[in-house]
Amino acid sequence: MSLFARLQALLSAHPSAPATSAVQTPATSAAPTAAGAPTDAEGAPAPPPVCTRYLPAGQIVVREGDPGHSMFVVLEGRVAVLRGGDNGANTEVGRLGAGEFFGELALLTGTQRTATIVTVEDAVLLELTQAGVRELGKDYGVKGEQMQVTARERLLADALRSNPLIAALPPEVQHELGDAFVPCTVPAGETLLTRGQPGDALYVLIRGQCEVFHTHGDGRQSPYPTLEEGALFGEISLLRSRLATATVRTVTPCTLLKLERDVFKKAFLGQPDLRGALVRLGLERLKHTMEVMGGPT
């Protein structure tokens with residue numbers, strides 16, 4: 001039985017949510033729960049593990065940047081995938097139809113929503129919480145690993161879309177990177193690399209902004225260009241066993257792909273295409289660092 005068929009089988013096993021209005025609000029609010037029903041850690045009624053949502057065209061299902069506590073499977077209709085740009089406007093980057101799913105990344109990895117999803121026609125969606133995903137694995141043979149693979153592939157697609165270094169790598173190296181990268185969400189104000197300290201990973205910035213600066217001996221800071229979506233950093237410490245040459249700190253909440261040092265050394269240090277690209281990038285940044293350090297103090 002296919003994944004889609006297994007999910008459709010749940011329709012007869014779980015109560016459906018009432019049809020929602022055309023007001024553009026997220027479709028993830030839980031229905032009222034009877035007395036004695038399970039509650040979450042804060043005492044609020046826990047949402048059902050599996051629930052069917054009937055949504056009209058134009059309905060916002062999830063918003064980019066919001067926390068994700070559920071994932072969705074499209075049973076009928078189509079939805080559009082929108083990504084926010086630098087000017088604040090949303091751009092459509094794809095559409096999903098019957099049998100396809102979304103929201104698995106935020107649910108399974110704890111990261112924020114990386115896109116806004118809007119119905120483009122009347123749609124029926126299956127919504128699953130963590131408990132619902134476990135139920136699928138237990139009762140219907142749908143493995144969470146499948147969703148993890150899809151989540152990583154979508155994150156890697158985001159990286160390929162915005163980072164020319166990764167996009168230029170051979171397909172087999174891209175595939176290996178997709179398996180090795182670990183997604184993570186970091187709040188604003190978090191330091192990812194500290195000048196003078198060893199770096200522990202290679203990062204690709206998927207969403208958000210990071211500031212980069214060099215601190216002089218007198219405490220004065222010289223800024224580098226802000227890191228935007230698609231930026232790759234941490235390669236100098238990773239490749240050359242050197243201390244970080246600049247401090248990188250999140251300006252906004254950020255979603256990143258992280259490649260741990262040990263994984264890189266084991267799986268990618270001998271990849272000539274990747275290593276060569278990172279060495280060239282690192283040399284450019286070292287040159288820029290020397291120029292900053294040579295400025296007036």
Side-chain angles (χ1 to χ4, degrees), residues 24-29 40-42 44 47 60-72 80-94 102-118 129-130 147-148 150-163 166 177-178 180-195 197 199-213 221 223-235 237 244 246-260:
Q24 292 192 348
T25 55
T28 55
S29 56
D40 61 19
E42 298 178 355
I60 295 177
V61 186
V62 298
R63 294 181 187 273
E64 182 177 353
D66 283 352
H69 304 297
S70 61
M71 64 166 287
F72 298 82
V81 183
L82 309 178
R83 295 286 303 276
D86 293 337
N87 59 0
N90 282 329
T91 300
E92 183 175 324
V93 297
F102 61 90
E104 75 292 336
L105 174 68
L107 176 65
L108 297 176
T109 66
T111 56
Q112 297 173 322
R113 303 288 190 191
T114 58
T116 295
I117 307 295
V118 181
T129 65
Q130 281 279 15
M147 301 173 190
Q148 288 279 19
T150 299
R152 292 177 187 276
E153 289 176 347
R154 289 175 178 172
L155 271 179
L156 184 58
D158 286 340
L160 290 172
R161 184 164 42 241
S162 52
N163 188 281
I166 297 177
L177 279 174
F181 273 123
V182 175
C184 60
T185 295
V186 179
E190 188 90 358
T191 299
L192 300 173
L193 294 175
T194 302
R195 179 182 176 271
Q197 299 295 323
D200 64 344
L202 179 73
Y203 295 92
V204 179
L205 180 59
I206 299 299
R207 302 300 286 166
Q209 292 183 328
C210 294
E211 61 179 348
V212 187
F213 55 89
Q221 293 182 349
Y224 292 81
T226 299
L227 297 178
E228 306 282 353
E229 177 179 328
L232 185 149
F233 58 95
E235 76 292 336
S237 292
T247 297
V248 179
R249 186 166 56 206
T250 57
V251 176
T252 66
C254 293
T255 299
L256 305 107
L257 295 179
K258 183 177 182 180
L259 181 63
E260 298 284 353

Taking 4.0 angstrom as the limit, do Arg207 and Glu228 come out as a salt bridge? no

If we only count heavy atoms from C-beta on, is the Thr247 to Val212 side-chain gap below 4.5 Å? no

Is Gln221 close to Arg195 at the side-chain level, that is, under 4.5 Å between some pair of heavy atoms? no

For a side chain to side chain contact (heavy atoms under 4.5 Å, CB included) check, start with the C-alpha distance between Thr116 and Val118, then their side-chain angles and the critical distance, and finish with the verdict. CA-CA 7 Å; Thr116 295; Val118 181; 4.0 Å; yes

One should read off an interatomic distance between Arg113 CZ and His69 NE2, to the nearest 0.5 angstrom, of 8.0 Å

Under 4.0 Å between a side-chain nitrogen and a carboxylate oxygen: does that hold for Arg249 and Glu211? yes

Over all heavy atoms of both residues, which pair between Ala180 and Leu259 is shortest? Give the atoms and the distance, please. CB-CD1, 3.5 Å

Steps toward side chain to side chain contact (heavy atoms under 4.5 Å, CB included) verdict (Leu192, Val186): CA-CA 9 Å; Leu192 300 173; Val186 179; 4.1 Å; yes

Are Phe102 and Val81 packed together at the side-chain level, in the sense that at least one heavy-atom pair is separated by less than 4.5 angstrom? no

Please identify which of these residues, Thr252, Val248, Val251, meets the side chain to side chain contact (heavy atoms under 4.5 Å, CB included) condition with Cys210. Val248

Between the SG atom in Cys254 and the CD atom in Gln209, the distance rounded to the nearest 0.5 Å is 8.0 Å

Evaluate side chain to side chain contact (heavy atoms under 4.5 Å, CB included) for Lys258 paired with Asp200, printing each intermediate quantity in order. CA-CA 10 Å; Lys258 183 177 182 180; Asp200 64 344; 3.7 Å; yes

Within-4.5 Å side-chain heavy-atom neighbours: Leu227 and Tyr203: no

Would you check if Ile206 and Val204 make a side-chain contact, meaning some heavy-atom pair closer than 4.5 Å? yes

One should read off an interatomic distance between Leu232 CG and Leu205 CG, to the nearest 0.5 angstrom, of 10.0 Å

Could you measure the distance from the CG atom of Leu82 to the OG1 atom of Thr91? Nearest 0.5 Å is fine. 8.0 Å

By salt bridge (Lys or Arg N to Asp or Glu O under 4.0 Å), which residues pair with Glu190, not counting sequence neighbours? none

Correct closest heavy-atom pair for Leu256 and Phe233 would be CD2-CZ, 3.9 Å

